[in-house]
Amino acid sequence: MHPNSNQLSHMGTNKYYVVWKGFAPGVYDSWEEAEMQVSGYPDASYRAFKTMEAAVEAFREGFDKESLIKEVAREMERLEKEGTVIEFDKKKSGKADIPKAEAPAEAPAPAKTTTPIEKTTPTETTPPVKKRVIVQQPPPYLVDSLAVDAACAGNPGPMEYRGVLVRTGQEIFHVGPMEGGTNNIGEFLAIVHGLALQEKQGTRLPIYSDSVNAQKWIRIGICKTQLEENEQNAPIFDLIRRAESWLRTHTFRLPIYKWETSKWGEIPADFGRKKH
RNA sequence: ACAUCC
DNA sequence: GGATGT
Ligand SMILES: [Mg+2]
Ligand SMILES: [Mg+2]
């Protein structure tokens with residue numbers, strides 16, 4: 001469901017758009033602005049509000065309350081259908097066999113409110129009267145960074161990986177699909193590719209990966225996969241050897257950080273094809 | 001258990 | 001539900 005941007009296109013829009021998860025979370029007063037922050041962002045979270053006050057308040061909550069409520073409602077319905085009895089009584093409960101209900105989903109912790117960011121320095125092209133960005137939270141991660149991720153259709157299965165600029169979502173590299181890889185091989189190769197490419201380009205963006213496993217393999221300089229080589233996946237093993245060799249023969253390194261998926265949502269390089 | 005991939 | 005990994 002997308003807010004409609006067509007109607008009343010003249011004389012400025014009257015809605016306010018909260019972006020909780022997007023390239024630059026904040027409150028925007030035009031769908032065009034908001035859309036730039038959410039389109040192409042995995043699991044983007046955003047909603048339109050009628051007034052700036054409502055929007056700012058909702059943004060400060062740190063998450064989309066509306067969708068959380070709907071989630072909880074769906075869960076209640078599901079439990080009801082299963083015949084699960086939810087017990088709201090306090091400590092004292094003499095009743096013997098009441099099936100235990102799952103704890104209701106907890107509200108995510110509100111985004112940490114750190115110092116308000118200075119507005120992106122207005123250029124001459126910025127409309128002077130009306131600020132377009134009403135509220136802007138600095139994201140908890142480094143925006144000047146490269147995000148990498150891998151995917152495979154089955155594990156093992158056809159494997160691919162890519163890297164994107166966190167700031168813009170722009171894809172910097174994309175390899176595959178290649179037959180018969182594992183998730184972990186892909187996550188490993190993605191990081192090495194990010195390092196090698198940046199050395200070649202002369203850039204030094206820190207790298208985000210959501211794979212603790214791959215980060216460890218980078219540290220030890222070895223792809224410790226248990227997958228066995230065969231004819232089908234030979235090209236992947238070729239790549240692995242090249243990657244390990246690169247790590248051995250180059251001292252060039254960059255900070256590699258854990259992308260905290262549970263707090264920040266899917267890494268921007270995600271392929272967005274998980275179930276659910 | 002944690003982190004991922006389907 | 002199943003696989004890859006520490
Ligand atoms: Mg990943
Ligand atoms: Mg992913």
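In what follows, chains carry the letters A, B, and so on, assigned in the order in which the sequence lines appear, proteins first and then strands, with residues in each chain numbered from 1.
Minimum atom distance to the side chain of Glu187(A) is reached by U4(B), of the listed dT4(C), A3(B), U4(B). Comparing C5(B), U4(B), dG5(C) by their nearest atom to the side chain of Gln226(A) picks out dG5(C). Looking at the side chain of Pro156(A), the nearest of the listed nucleotides dT6(C), dT4(C), C6(B) is dT4(C). The Ala151(A) side chain lies nearest to C6(B) when the options are C6(B), A3(B), dT4(C). Side-chain atoms of Thr182(A) lie closest to dG5(C) of the nucleotides C5(B), C6(B), dG5(C). Taking the side chain of Trp217(A) as heavy atoms from C-beta on, and the options dT6(C), C6(B), C5(B), the nearest nucleotide is dT6(C).
Rounded to whole angstrom, the span from the CD atom of Glu260(A) across to the C1' atom of A3(B) amounts to 11 Å. The interatomic distance linking Glu266(A) (CD) with A3(B) (P) rounds to 13 Å, in whole Å. What separates CH2 of Trp259(A) from C1' of C2(B) is a distance of 19 Å, to the nearest Å. Across the protein-nucleic acid pair, Arg219(A) atom CZ and dG5(C) atom C1' stand 13 Å apart, rounded to whole Å. Taking atom CD1 on Ile191(A) and atom P on U4(B), their separation rounds to 12 Å, with Å as the unit.
For Arg248(A), the salt bridge (Lys or Arg N to Asp or Glu O under 4.0 Å) criterion is met by no residue, not counting sequence neighbours.
Residue Lys274(A) places at least one side-chain N or O closer than 4.0 Å to OP1 or OP2 of C5(B). At least one side-chain nitrogen or oxygen of Lys258(A) sits closer than 4.0 Å to the OP1 or OP2 atom of U4(B). Remark: Lys216(A) is not in phosphate contact with dT6(C), judged by side-chain N or O atoms under 4.0 Å from OP1 or OP2.
Here Asn213(A) lies in heavy-atom contact (under 4.0 Å) with sugar-phosphate atoms only. Contacts of Ala214(A) with the nucleic acid, taken as non-hydrogen atoms under 4.0 Å apart, are absent.
Closest of all the heavy-atom pairs between Val166(A) and Leu146(A) is CG2-C, 4.2 Å.
When ring centroids are compared, Trp20(A) and Phe59(A) stay outside the 6.0 Å threshold. Separation of the Tyr41(A) and Phe23(A) ring centroids falls under the 6.0 Å cut-off.
When each of Gly154(A) and Asn184(A) is assigned the nucleotide of DNA chain C with its nearest heavy atom, Gly154(A) is the one assigned upstream, toward the 5' end.
Atoms CG and CD1, on Leu195(A) and Ile207(A) in that order, are 4.0 Å from each other to the nearest 0.5 Å.
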